[in-house]
Amino acid sequence: QVQLVESGGGLVQAGGSLRLSCAASGRTFSAYAMGWFRQAPGKEREFVATISRSGRTLDYADSVKGRFTISRDNAKSRVYLQMNSLKAEDTAVYYCAADLLGSGSRNLNEYDYWGQGTQVTVAS
């Protein structure tokens, strides 16, 4: 079992920044890849970013590339999403997820555990 708890969401003006954090517990954190996804009202959950176990392999959705940065601290069992130059279309509930068997994927079905989500609202 893996428990994931996101934090750091909130209301921010367009052009601003937020840093999301996801705390993991229950298994050795460095043994699994992590991902961030988001879901806007009325839309399907979509891939945002993923990071491998070691943190050396990263992948981003085109919509956030150059603005968002995913990172992890295996000693603290945390994964982060630094979001800069936020736009109104970034408004969504953001979820972190754990991929126990793979190396990180854009496919949400590859993930085994999910957090409860944290709301990010960008005011234009």
Asks: What residues form a salt bridge (charged side-chain N to carboxylate O under 4.0 Å, His left out) with K65, not counting sequence neighbours?
Replies: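 Expected list: D62.
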Asks: Between Q82 (side chain only) and T69 (backbone N and O only), is there a donor and an acceptor less than 3.5 Å apart?
Replies: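 No; judged by distance alone, with no hydrogens or angles, the pair does not exist.
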Asks: Specify the closest pair of heavy atoms between A97 and L4, including all atoms of both residues, with the distance to one decimal.
Replies: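 Smallest interatomic distance, heavy atoms only, reads CA-CD1, 3.8 Å.
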Asks: Could you check whether any side-chain N or O of T91 sits under 3.5 Å from a backbone N or O of T121, counting only pairs where one atom can act as donor and the other as acceptor?
Replies: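 No: the side chain of T91 does not pair with the backbone of T121.
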Asks: What are the two closest heavy atoms between S105 and N107, and how far apart are they?
Replies: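 Residues S105 and N107, closest heavy atoms: OG-N, 2.9 Å.
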Asks: Which pairs with one or both residues in residues 83-109 pass salt bridge (Lys or Arg N to Asp or Glu O under 4.0 Å), sequence neighbours excluded?
Replies: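 Counting only pairs at least two positions apart or across chains, the salt bridge (Lys or Arg N to Asp or Glu O under 4.0 Å) contacts touching residues 83-109 are R38-D90, D59-R106, R67-D90.
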Asks: State which residues pass side-chain contact (heavy atoms from CB on, under 4.5 Å) with A14; sequence neighbours excluded, sorted by chain then number.
Replies: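 Once residues adjacent in sequence are excluded, the partners of A14 under the side-chain contact (heavy atoms from CB on, under 4.5 Å) criterion are V122.
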Asks: Look at the side chain of E6 and the backbone N and O of C96, then say whether any donor-acceptor pair between them is shorter than 3.5 Å.
Replies: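 Yes, the answer is positive, given that a donor and an acceptor are paired below the 3.5 Å cut-off.
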Asks: Are Y94 and Q39 side-chain neighbours, meaning at least one heavy-atom pair lies under 4.5 Å?
Replies: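 Side-chain contact under 4.5 Å: no.
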Asks: Which distance, rounded to the nearest 0.5 Å, do you find between the CG of N109 and the CZ of R45?
Replies: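 That separation rounds to 11.0 Å.
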Asks: Tell me, which pairs form a ring pair (Phe, Tyr, Trp, His ring centres under 6.0 Å) where one or both residues lie in residues 52-81, sequence neighbours left out?
Replies: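 Checked against ring pair (Phe, Tyr, Trp, His ring centres under 6.0 Å) - neighbours excluded - no pair reaches residues 52-81.
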Asks: Using every non-hydrogen atom in the two residues, find where S103 and A33 come nearest and quote the distance to one decimal.
Replies: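 Shortest heavy-atom separation between S103 and A33 comes out as C-CB, 3.5 Å.
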Asks: Without placing hydrogens or testing angles, list every side-chain donor-acceptor pair under 3.5 Å for residues 16-29, not counting sequence neighbours.
Replies:
unit_1: S17; atom_1: OG; unit_2: N84; atom_2: OD1; d: 2.9
unit_1: S21; atom_1: OG; unit_2: R78; atom_2: NH1; d: 2.7
unit_1: S25; atom_1: OG; unit_2: Q3; atom_2: OE1; d: 3.3

Asks: Do any N or O atoms from the side chain of S52 and from the backbone of T57 form a donor-acceptor pair under 3.5 angstrom?
Replies: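 Indeed, once roles are kept as given, a pair shorter than 3.5 Å links the two residues.
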Asks: What about V79 and L58, same hydrophobic cluster or not, with Ile/Leu/Val/Met/Phe/Trp/Tyr joined at side-chain heavy-atom distances under 4.5 Å?
Replies: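 Yes; L58 is reachable from V79 via cluster members.
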Asks: Who clusters with V93? Use side-chain heavy atoms, under 4.5 angstrom, across I, L, V, M, F, W and Y, and order the result by chain and number.
Replies: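 For the cluster that includes V93, the remaining residues are F37, F47, Y95, L108, Y111, W114.
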Asks: Rounded to the nearest 0.5 Å, what's the gap from CG on D112 to CG on L100? Could you check?
Replies: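 Answer rounded to 0.5 Å: 4.5 Å.
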Asks: Might you work through the side-chain contact (heavy atoms from CB on, under 4.5 Å) test for M34 and T50, ending with a clear yes or no?
Replies: CA-CA 6 Å; M34 294 294 297; T50 186; over 6 Å; no
